[in-house]
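This report refers to the structure that appears directly beneath it.
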Amino acid sequence: MKRFRFLTFTFLGCFTVWGIGFVLFFMLLPAEPKDITTSTDAIVVLTGGKGRVQYGFALMQQGLAKKLFISGVNPKVKMPELIELQKIKPDHPILPQTHLGYNAQNTVENASETALWAKQEEVKSIRLVTTNYHIWRSMIEFSRALPGVTIISHPVDEPIQWTRKQFGLLLTEYHKFLWAWVGSLF
């Protein structure tokens with residue numbers, strides 16, 4: 001009986017800590033970037049969320065970097081199609097400095113792909129653009145993959161609509177963040 005009680009309290013304690021962590025994760029999602037003026041060598045955009053690529057191009061047009069790297073691009077999407085989708089003129093001056101990465105399919109691979117590109121391009125600082133619920137895990141993975149490179153987080157606010165799909169996405173991202181955070185401790 002004591003063992004059952006111990007296991008029950010242990011389970012309830014762990015569940016409570018997990019639940020409080022999830023609430024904090026959600027409540028502390030950044031709505032906007034803290035630093036919107038510091039220039040970096042490059043802007044790195046992780047594909048997968050609405051508005052990220054457009055946001056990266058807008059930051060380039062504001063002069064916050066001289067290079068743009070888009071990681072995790074679908075192999076079917078080539079530069080002409082991307083230009084058309086983003087409604088950018090084919091002779092726009094930022095296009096020669098825009099690079100597409102096709103090898104990443106997840107955040108760890110985004111960080112690795114970016115690290116290889118950054119080394120080739122001699123990049124010492126980046127502005128990392130991804131959605132707000134993804135920024136913390138991305139910062140952990142990119143810090144690991146790019147030691148010595150200054151990383152400025154630039155979250156894109158994605159409004160929360162409490163659908164089952166979005167709740168599942170937040171829950172999944174919370175678990176991935178926990179896994180990355182624990183991994184970073186060791």
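When reading the values below, keep in mind they use all heavy atoms of this one structure, side chains included, and skip hydrogens, waters and symmetry mates. Along the sequence shown, residues carry numbers from 1. Here the structure is a predicted model, which is why all the values come from computation and not from measurement.
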### Message
Could you tell me if Arg52 and Thr131 have a donor-acceptor pair between their side chains, going purely by distance under 3.5 Å?
### Response
yes
### Query
Does any non-hydrogen side-chain atom of Leu68 lie less than 4.5 Å from one of Gln97?
no
### Listed partners of Lys78 passing side-chain contact (heavy atoms from CB on, under 4.5 Å), at least two apart
Pro80, Tyr102
### Query
So if you build clusters from Ile, Leu, Val, Met, Phe, Trp, Tyr with side-chain heavy-atom gaps below 4.5 Å, do Met139 and Val108 land together?
no
### Any donor-acceptor pair under 3.5 Å from Ser125 side chain to Asp41 backbone
yes
### Message
Quick check: closest heavy atoms across Ser143 and Ile151, and the distance to 0.1 Å?
### Response
N-CD1, 3.7 Å
### Query
Counting N and O atoms only, with roles assigned by atom type, does the side chain of Tyr174 sit under 3.5 Å from a partner on the main chain of Tyr133, one being a donor and the other an acceptor?
no
### Task
Any chance you could measure Leu128, atom CG, to Ser138, atom OG, to the nearest 0.5 Å?
5.5 Å
### Task
Mind listing the closest non-hydrogen atom pair of Ala145 and Ala115 along with its distance?
O-CB, 3.5 Å
### Message
I want to check something: taking the side chain as every heavy atom from C-beta on, are Thr150 and Thr40 in contact at a cut-off of under 4.5 Å?
### Response
no
### Contact check, side chains of Met79 and Thr98, non-hydrogen atoms, under 4.5 Å
yes
### Task
Kindly indicate whether the side chain of Ile70, heavy atoms from C-beta on, has any atom under 4.5 Å from the side chain of Phe57.
yes
### Query
Same cluster or not: are Phe26 and Val17 linked, directly or through other Ile, Leu, Val, Met, Phe, Trp or Tyr residues, by side-chain heavy atoms under 4.5 angstrom apart?
no
### Message
Membership question, hydrophobic clusters at under 4.5 Å side-chain separation (ILVMFWY): are Val23 and Phe167 in the same one?
### Response
yes
### Closest non-hydrogen atom pair, Thr114 against Phe69
OG1-CE2, 3.6 Å
### Check against side-chain contact (heavy atoms from CB on, under 4.5 Å), Val156 and Val129
CA-CA 7 Å; Val156 177; Val129 178; 3.6 Å; yes
#### Entry: Distance, nearest 0.5 Å, that separates OG1 of Thr172 from CZ of Phe177
15.0 Å
#### Entry: Expected output: side-chain Thr130 to main-chain Ile135 donor-acceptor under 3.5 Å
no
### Query
Who are the side-chain hydrogen bond (donor to acceptor under 3.5 Å, both in side chains) partners of Lys176, not counting sequence neighbours?
none
### Message
Under the criterion side-chain contact (heavy atoms from CB on, under 4.5 Å), I'd like the reasoning laid out for His175 against Trp18: C-alpha separation, chi angles, the key distance, then a yes or no.
### Response
CA-CA 10 Å; His175 289 134; Trp18 173 89; 3.0 Å; yes
### Message
Can you pull out every salt bridge (charged side-chain N to carboxylate O under 4.0 Å, His left out) where at least one residue sits in residues 4-15? Sequence neighbours excluded, please.
### Response
none
### Message
Could you work out, with side-chain contact (heavy atoms from CB on, under 4.5 Å) as the rule, every residue matching Trp179, not counting sequence neighbours?
### Response
none
### Query
To the nearest 0.5 Å, how far apart are OG1 in Thr47 and CD in Gln105?
10.0 Å
### Task
Would you mind telling me which of Val45, Leu100, Val53 makes a side-chain contact (heavy atoms from CB on, under 4.5 Å) with Val73?
Leu100
## Note on the structure
Sorted by chain and number, sequence neighbours left out, side-chain hydrogen bond (donor to acceptor under 3.5 Å, both in side chains) with Tyr55 holds for His154
### Interatomic spacing from CG in Leu185 to CH2 in Trp181 - rounded to 0.5 Å
5.0 Å
### side-chain hydrogen bond (donor to acceptor under 3.5 Å, both in side chains) involving Thr38 - partner list, sequence neighbours excluded
Asp35
### Task
Quick one: name the residues clustered hydrophobically with Phe9, using the 4.5 Å side-chain heavy-atom rule over I, L, V, M, F, W, Y, and just say none if it's on its own.
none
### Query
Is there a side-chain contact between His99 and Glu121 (heavy atoms, below 4.5 Å)?
yes
### Task
Can you sort out the partners of Ala104 under side-chain contact (heavy atoms from CB on, under 4.5 Å), two or more places apart, ordered by chain and number?
Ser71, Glu109, Asn110, Glu113
#### Entry: Any residue meeting side-chain hydrogen bond (donor to acceptor under 3.5 Å, both in side chains) with Gln62, in chain and number order, not counting sequence neighbours
none
### Task
Return the set of residues passing side-chain contact (heavy atoms from CB on, under 4.5 Å) with Ala42 (not counting sequence neighbours), or none when no residue passes.
Lys67, Trp117, Val123, Ile126
### Query
Do Met60 and Ile152 share a hydrophobic cluster (ILVMFWY, side-chain heavy atoms under 4.5 Å, transitive)?
no
### Task
Any chance you could measure Ile43, atom CD1, to Leu59, atom CG, to the nearest 0.5 Å?
4.5 Å
### Message
Working to the nearest 0.5 angstrom, can you tell me the gap between Trp136 CH2 and Leu178 CG?
### Response
11.0 Å
#### Entry: CG (Leu171) with more than 12 external heavy atoms under 6.0 Å
yes
### Summary
Applied to residues 133-162, the salt bridge (charged side-chain N to carboxylate O under 4.0 Å, His left out) test, sequence neighbours excluded, yields Arg137-Glu173, Glu141-Arg144
### Query
Is there a path of hydrophobic side-chain contacts, each under 4.5 Å between heavy atoms of I, L, V, M, F, W or Y residues, that connects Leu170 with Met27?
yes
### Query
Other than Leu12, what residues sit in its cluster of Ile, Leu, Val, Met, Phe, Trp and Tyr side chains whose heavy atoms are under 4.5 Å apart, directly or through others?
Phe11
### Query
Within a strict 4.5 Å, meaning less than it, do heavy atoms of the Val149 and Phe142 side chains meet?
no
#### Entry: Gln166 atom CD, over 12 foreign heavy atoms within 6.0 Å
yes
